[in-house]
There are 2 protein chains.
Amino acid sequence: MADHVDLVLEQWRARRPDIDPSPMGVIGRLSRLSALFDAELRRNFAKYELDRASFDVLATLRRSNAEHSLTPAGLMHSSMVTSGAISQRLDRLETRGLVTRTPSETDGRGVQVTLTAKGLKLIDKVLPTHVDTEAQLLSGLSTPERDHLAALLRTLLESLGDKRD
Amino acid sequence: MADHVDLVLEQWRARRPDIDPSPMGVIGRLSRLSALFDAELRRNFAKYELDRASFDVLATLRRSNAEHSLTPAGLMHSSMVTSGAISQRLDRLETRGLVTRTPSETDGRGVQVTLTAKGLKLIDKVLPTHVDTEAQLLSGLSTPERDHLAALLRTLLESLGDKRD
DNA sequence: TGTAAGTAACTTAGCGCTGAGATACTTTAT
DNA sequence: ATAAAGTATCTCAGCGCTAAGTTACTTACA
């Protein structure tokens with residue numbers, strides 16, 4: 001049994017036997033899987049005229065609180081993109097009537113982003129199909145394997161300083 | 001102990017208790033790690049006036065064979081991007097004198113891409129620092145944990161049809 | 001042999017993101 | 001009270017990618 005990364009590792013060992021390429025065995029596979037997952041999840045989003053960026057914002061608002069409401073800064077922290085990207089995502093979602101921007105009552109600089117009824121309806125329709133797609137993508141592993149994988153990835157994230165907030 | 005994804009899972013269980021969000025425990029962490037790794041590797045590439053795209057091409061040529069030479073199609077298959085992206089990457093690398101494009105002798109449509117001496121020197125300088133950076137990123141796991149993680153990721157890649165070629 | 005289908009590489013419009021910077025408001029310190 | 005520093009959001013030029021389409025060549029077959 002061998003995947004693409006096994007070939008790459010073999011090639012490196014042949015051409016540069018002085019270098020231990022084993023870290024690529026983890027990081028190469030991880031980034032390859034990430035790309036494959038992304039492509040597949042995108043196919044599902046497209047059925048609902050969504051992309052990853054829009055889905056991320058809608059889903060983050062949906063799960064955040066009962067009001068489905070956050071600041072742009074809150075969305076930024078959750079999404080790992082810059083503030084400029086959030087502004088542009090919100091422009092698109094606002095144009096489509098899926099979210100609203102309301103000035104903060106307490107802070108003149110602040111804005112509150114809230115799911116509209118239309119946005120709520122859409123994300124609640126897409127979410128189950130999204131989770132189903134993810135489950136499909138993981139169906140090559142048994143449940144204990146999946147749990148073990150999640151635990152290893154969590155250890156790694158924690159070692160890199162990933163925090164709850 | 002909890003990472004950012006644990007928080008997300010809790011939020012989903014609170015807002016949508018009818019949906020089992022556990023697939024996100026794997027896929028969410030995986031894509032988060034991929035983004036963190038990418039950012040850190042980029043910092044290293046930047047020291048050598050490289051980006052991920054250029055590094056990928058140079059490294060693929062370096063490990064491919066003794067001539068350090070492939071077709072654009074070969075580079076495309078290895079890199080998971082489109083043919084248009086490869087054309088543009090090669091434009092940039094050719095302009096910098098790191099690779100050459102030579103017409104194929106047997107196929108009038110074909111092109112052979114080869115590392116120049118300058119390109120070879122650069123990739124051989126960057127490669128050890130790249131692997132070191134990767135090893136650093138994985139230092140939160142023990143060696144057996146790393147091996148186990150690589151094995152689980154390989155199983156998953158194989159289940160998704162990832163092949164050696 | 002001629003032509004249709006297939007293949008390799010390239011071109012380009014459009015897209016979303018980054019990084020830098022601008023704007024407007026708030027907090028802190030004097 | 002006022003200036004300086006800090007914060008929240010937005011704007012925009014530039015970048016690399018995708019998707020669609022083009023060009024040039026090769027292969028298969030009628």
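All chains are named by letter (A, B, ...) in the order of the sequence lines, taking the proteins before the strands, and each is independently numbered beginning at 1. Small disclaimer: the values here were computed from a predicted structure and weren't measured.
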Exercise. Mapping A85(A) and Q88(B) onto DNA chain D by nearest heavy atom, which one lands closer to the 5' end?
Worked result: A85(A)
Seminar exercise, completed: L75(B) CG to dA8(C) C1', in whole Å, measures 13 Å
Exercise. In whole angstrom, what separates D107(A)'s CG from dT27(C)'s C1'?
Worked result: 10 Å
For this session: Check the distance between dC10(D)'s C1' and E94(A)'s CD and give it to me in whole angstrom.
Result: 12 Å
Seminar exercise, completed: Scanning both residues in full, the closest heavy-atom pair of L137(B) with L160(A) reads O-CD2, 3.8 Å
For this session: Could you state the atom-to-atom distance from CG of L90(A) to C1' of dT11(D) in whole Å?
Result: 14 Å
Exercise. Do you know which of T71(B), V113(B), L75(B), D91(B) makes side chain to side chain contact (heavy atoms under 4.5 Å, CB included) with I86(B)?
Worked result: L75(B)
For this session: Compare side-chain N and O positions of T82(B) against OP1 and OP2 of dC17(D) and report whether any pair is under 4.0 Å apart.
Result: no
Exercise. Is G108(B) touching bases, backbone alone, or none of the nucleic acid, heavy atoms closer than 4.0 Å?
Worked result: sugar-phosphate
Exercise. Within the structure shown, what part of the strands sits under 4.0 Å from S104(A) by heavy-atom distance: base, sugar-phosphate, or nothing?
Worked result: nothing
Problem set entry | Side-chain-base donor-acceptor pair under 3.5 Å for R109(B) and dT7(C) | yes
Seminar exercise, completed: From CZ of R43(B) across to P of dG19(C) the rounded distance in Å is 10 Å
For this session: Might you confirm whether atom CD of Q136(A) has over 12 heavy atoms from other residues, nucleotides or ligands at distances under 6.0 Å?
Result: no
Exercise. Does the side chain of R101(A) get closer than 4.0 angstrom to OP1 or OP2 of dC10(D) through an N or O atom?
Worked result: yes
Problem set entry | A73(B) side-chain proximity, nearest of dT11(C), dA9(C), dC10(D) | dA9(C)
Seminar exercise, completed: When rounded to whole Å, the CD to P distance for the pair E105(A) and dT26(C) reads 13 Å
Exercise. To the nearest angstrom, how far is M76(B) atom CE from dA9(C) atom P?
Worked result: 9 Å
Exercise. D51(A) and S54(A): side-chain donor and acceptor closer than 3.5 Å?
Worked result: yes
For this session: Take the angle between the ring planes of F55(B) and H130(B) and call it parallel below 30°, perpendicular above 60°, tilted in between.
Result: tilted
Exercise. Which sits closer to the 5' end of DNA chain C, T71(B) or A53(A), going by the nucleotide each is nearest to?
Worked result: T71(B)
Exercise. Expressed in angstrom and rounded to an integer, what is the separation of D91(B) atom CG from dC17(D) atom P?
Worked result: 12 Å
Problem set entry | Phosphate OP1/OP2 of dC15(D): any R42(B) side-chain N/O under 4.0 Å | no
